[in-house]
Amino acid sequence: MGLTGDPDFRATTFIVVDFETTTPAGHPAQPIEVAALALRLDGGTWQEKGRSTSLIRPPAFAPLTPADTAQTGLTAEQLAHAPTPAQALGALDRRLTPGTPYLLVAQHAATEANVIHHQAEHCPALARTNFIDTIPLAKHLIPGLPNYKLDTLLAHFGIPQPPNRHRAPDDVDVTAQLFLRLIATADLGPRLDSLAALCKTAGRTAKANQPVQAGLFD
């Protein structure tokens, strides 16, 4: 049947997500831009089900640094009147339909997972959504690459570099292309033949869904 023939896989909407952040000393990374692209397999063809992008105004304790500007091209002036994290992530969160099975997709999902976890009060539905990480998925499907950085994986699949690499909308687009190439690769073999197998290989449980170990210090 193959991975894309699994009913659970077909029922799932995959949301590719990417953040740009600033990382203040003594605090977790603070988002300055978010982009998300929802994809679902419909009748054998991948369909875009929604797209969202927003700049985000960082808090005063996490100002944009020259290094952040050098990497992303964003300036403090651009972010000065951007939506707050509550506004930007709240708007994204409200686009999720209750009862719909979702999985988030990211390259090195720990980064996006941590940002969402620390912003959970603004995006509770996103914070309860588990991830597929393209890095372990790529390691499983195409072993032997020198590394599994995004640029290396794009080059492996012949996916052109986006015009604005290290901006969330462009990085989401190429990560989505990478994810679809990986799924197509998985479909050619028997090892990942179900959504459960995909999650076992490349899944990352959202921190909000992890069991709480109570009583350790009682």
Side-chain angles (χ1 to χ4, degrees), residues 1-21 23 29 34-42 44-49 71-72 101-117 126 129-207 209-211:
M1 180 173 64
L3 176 59
T4 56
D6 175 37
D8 290 337
F9 185 93
R10 287 176 169 266
T12 300
T13 298
F14 296 90
I15 303 175
V16 186
V17 63
D18 184 78
F19 287 97
E20 300 302 329
T21 63
T23 307
V34 61
L37 172 60
L39 300 167
R40 183 171 171 178
L41 193 61
D42 189 359
T45 303
W46 285 99
Q47 303 288 336
E48 182 177 320
K49 297 299 184 180
Q71 176 162 284
T72 66
Y102 292 104
L103 283 171
L104 298 173
V105 177
Q107 169 80 4
H108 193 250
T111 300
E112 273 60 40
N114 284 334
V115 172
I116 290 172
H117 175 70
L126 274 178
T129 305
N130 295 328
F131 273 87
I132 297 295
D133 190 332
T134 52
I135 291 179
L137 181 57
K139 287 181 177 180
H140 180 79
L141 294 171
I142 43 174
L145 294 182
N147 61 65
Y148 290 84
K149 297 177 181 178
L150 180 57
D151 290 339
T152 302
L153 293 172
L154 296 181
H156 175 81
F157 283 108
I159 300 170
Q161 283 278 336
N164 294 303
R165 181 78 170 86
H166 298 298
R167 286 292 304 274
D170 287 52
D171 284 0
V172 152
D173 279 341
V174 292
T175 302
Q177 292 179 54
L178 170 62
F179 175 66
L180 297 187
R181 298 288 186 92
L182 290 170
I183 295 302
T185 302
D187 237 8
L188 297 175
R191 292 184 294 172
L192 294 180
D193 60 357
S194 67
L195 182 67
L198 175 65
C199 291
K200 183 177 180 180
T201 298
R204 182 182 182 88
T205 303
K207 289 185 178 181
N209 296 333
Q210 294 176 5

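Below, all heavy atoms of this structure are taken into account, side chains as well, without hydrogens, waters or symmetry copies. Note that the numbering runs from 1 along the sequence shown for the chain.
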K.L.:
Find the distance between NZ (Lys139) and CD1 (Ile135) and round it off to the nearest 0.5 Å.
P.N.:
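Nearest 0.5 Å value for the NZ-CD1 distance: 6.5 Å.
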K.L.:
Can you measure from SG (Cys199) to CG (Asn130) and round to the nearest 0.5 angstrom?
P.N.:
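Going from the SG atom of Cys199 to the CG atom of Asn130 covers 7.5 Å.
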K.L.:
Are Asn114 and Lys207 close enough that some pair of their side-chain heavy atoms sits under 4.5 Å apart?
P.N.:
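Heavy-atom side-chain distance check passes, below 4.5 Å.
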K.L.:
If you count every heavy atom of other residues, nucleotides or ligands that lies below 6.0 Å from Lys149 atom NZ, does the total exceed 12?
P.N.:
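Open.
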K.L.:
Check Pro136 against Ala202 and note the closest heavy-atom contact, atom names and distance.
P.N.:
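Distance-wise, the nearest heavy atoms are CG-CA, 4.0 Å.
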K.L.:
At what distance, to the nearest 0.5 angstrom, does OG1 of Thr134 lie from CZ of Arg181?
P.N.:
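Taking OG1 in Thr134 and CZ in Arg181, the distance rounds to 14.0 Å.
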K.L.:
Over 60° means perpendicular and under 30° means parallel, so tell me whether Phe179 and Trp46 are parallel, tilted or perpendicular.
P.N.:
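Correct class here is perpendicular.
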K.L.:
Short question: side chain of Gln210, backbone of Thr205 - any donor-acceptor pair under 3.5 Å?
P.N.:
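Checking the backbone N and O of Thr205 against the side chain of Gln210, a donor-acceptor pair under 3.5 Å is found.
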K.L.:
Let's go through Val105 and Val17 carefully: what are the C-alpha distance in whole Å and the side-chain angles of both, what is the deciding distance for side chain to side chain contact (heavy atoms under 4.5 Å, CB included) to 0.1 Å, and is it a yes or a no?
P.N.:
CA-CA 6 Å; Val105 177; Val17 63; over 6 Å; no
K.L.:
With the side chain counted from C-beta on, respond yes when Leu153 and Tyr148 share a heavy-atom pair under 4.5 Å apart, and no when they do not.
P.N.:
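Side chain of Leu153 against side chain of Tyr148, heavy atoms only: contact under 4.5 Å found.
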K.L.:
Measure the CD-CG distance between Gln177 and Leu182 for me, rounded to the nearest 0.5 Å.
P.N.:
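The CD atom of Gln177 sits 12.0 Å away from the CG atom of Leu182.
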K.L.:
Can you name the nearest heavy-atom pair linking Ala11 to Pro101, along with the distance?
P.N.:
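Heavy atoms only, the tightest pair is O-CG, 3.4 Å.
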K.L.:
Decide ring-ring contact (aromatic ring centres under 6.0 Å, His included) for Phe9 and Phe14; before the verdict, give the C-alpha distance in whole Å, the side-chain angles of both, and the deciding distance to 0.1 Å.
P.N.:
CA-CA 9 Å; Phe9 185 93; Phe14 296 90; 4.9 Å; yes
K.L.:
With a 3.5 Å distance limit and no angle check, can you tell me whether Asp187 reaches the backbone of Leu3 through a side-chain donor-acceptor pair?
P.N.:
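Between the backbone of Leu3 and the side chain of Asp187 there is a qualifying donor-acceptor contact (under 3.5 Å).
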K.L.:
Which atom pair, heavy atoms only, marks the closest approach of Ile15 to Ala36?
P.N.:
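Nearest pair, atom of Ile15 first, then Ala36: CG2-CB, 3.9 Å.
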K.L.:
If you apply the rule side chain to side chain contact (heavy atoms under 4.5 Å, CB included), what do you find for Leu141 with Leu192, and how did you get there?
P.N.:
CA-CA 9 Å; Leu141 294 171; Leu192 294 180; 4.1 Å; yes
K.L.:
Step by step, work out the side chain to side chain contact (heavy atoms under 4.5 Å, CB included) result for Ile132 and Leu104.
P.N.:
CA-CA 6 Å; Ile132 297 295; Leu104 298 173; over 6 Å; no
K.L.:
Has Asp8 got a side-chain atom pairing as donor or acceptor with Leu195's backbone, closer than 3.5 angstrom?
P.N.:
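Looks like no, no N/O pair under 3.5 Å.
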K.L.:
What closest approach, in Å, do Ala35 and Val172 show between heavy atoms, and which atom pair accounts for it?
P.N.:
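Reported closest heavy-atom pair: O-CG2, 3.3 Å.
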K.L.:
Do any N or O atoms from the side chain of Thr45 and from the backbone of Leu41 form a donor-acceptor pair under 3.5 angstrom?
P.N.:
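No; judged by distance alone, with no hydrogens or angles, the pair does not exist.
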K.L.:
Tell me whether Asp170 is salt-bridged to Arg165, with the criterion being a basic N under 4.0 Å from an acidic carboxylate O.
P.N.:
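Judged by the 4.0 Å cut-off on N to carboxylate O distance, Asp170 and Arg165 do not form a salt bridge.
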K.L.:
Is it true that, when you exclude Lys49 itself, more than 12 heavy atoms of the residues, nucleotides or ligands shown sit nearer than 6.0 Å to its NZ?
P.N.:
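Counting neighbours around NZ of Lys49, more than 12 heavy atoms of other residues, nucleotides or ligands fall under 6.0 Å, so yes.
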K.L.:
Please find the pair of heavy atoms, one from Arg191 and one from Ala197, that lie closest to each other, and give the distance.
P.N.:
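Scanning both residues completely, I find the closest heavy atoms to be O-CB, 4.3 Å.
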K.L.:
If you round to the nearest 0.5 Å, how far is CD1 of Ile183 from CG of Leu137?
P.N.:
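If we round to the nearest 0.5 Å, Leu137:CG and Ile183:CD1 are 5.5 Å apart.
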K.L.:
Do the non-hydrogen side-chain atoms of Gln71 and His166 ever get within less than 4.5 Å of each other?
P.N.:
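Side-chain contact under 4.5 Å: yes.
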K.L.:
How far apart are the C-alpha atoms of Asn147 and Thr152, what are their side-chain angles, what is the distance that settles it, and do they pass the side chain to side chain donor-acceptor pair (under 3.5 Å) test?
P.N.:
CA-CA 7 Å; Asn147 61 65; Thr152 302; 2.5 Å; yes
K.L.:
Say whether Gln107 and Thr175, considering side chains only, have a donor N or O and an acceptor N or O under 3.5 Å apart.
P.N.:
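No - no donor-acceptor pair under 3.5 Å links their side chains.
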K.L.:
Might you point out which heavy atoms bring Ala38 and Thr13 nearest each other, and give the distance in Å?
P.N.:
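Result for this residue pair: CB-CG2, 4.0 Å.
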K.L.:
For residues Leu103 and Phe131, determine if any side-chain heavy atom of one lies less than 4.5 Å from a side-chain heavy atom of the other.
P.N.:
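Result no, sub-4.5 Å side-chain heavy-atom pair not found.
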K.L.:
Using a strict 4.0 Å threshold on nitrogen-to-oxygen distance, state whether Arg10 and Asp42 make a salt bridge.
P.N.:
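Salt bridge between Arg10 and Asp42, a charged N being under 4.0 Å from a carboxylate O: no.
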K.L.:
Heavy-atom distance under 4.5 Å between the side chains of Val34 and Asp18, does that happen here?
P.N.:
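Result no, sub-4.5 Å side-chain heavy-atom pair not found.
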K.L.:
Determine whether Thr72 and Glu20 satisfy the following criterion, side chain to side chain donor-acceptor pair (under 3.5 Å), listing intermediate values before the conclusion.
P.N.:
CA-CA 8 Å; Thr72 66; Glu20 300 302 329; over 6 Å; no
K.L.:
Can you tell me how far OG1 of Thr111 sits from CG of Asp133, rounded to the nearest 0.5 angstrom?
P.N.:
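Going from the CG atom of Asp133 to the OG1 atom of Thr111 covers 9.0 Å.
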K.L.:
Mind running side chain to side chain contact (heavy atoms under 4.5 Å, CB included) on Val16 and Leu39 for me, showing each step along the way?
P.N.:
CA-CA 8 Å; Val16 186; Leu39 300 167; 4.3 Å; yes
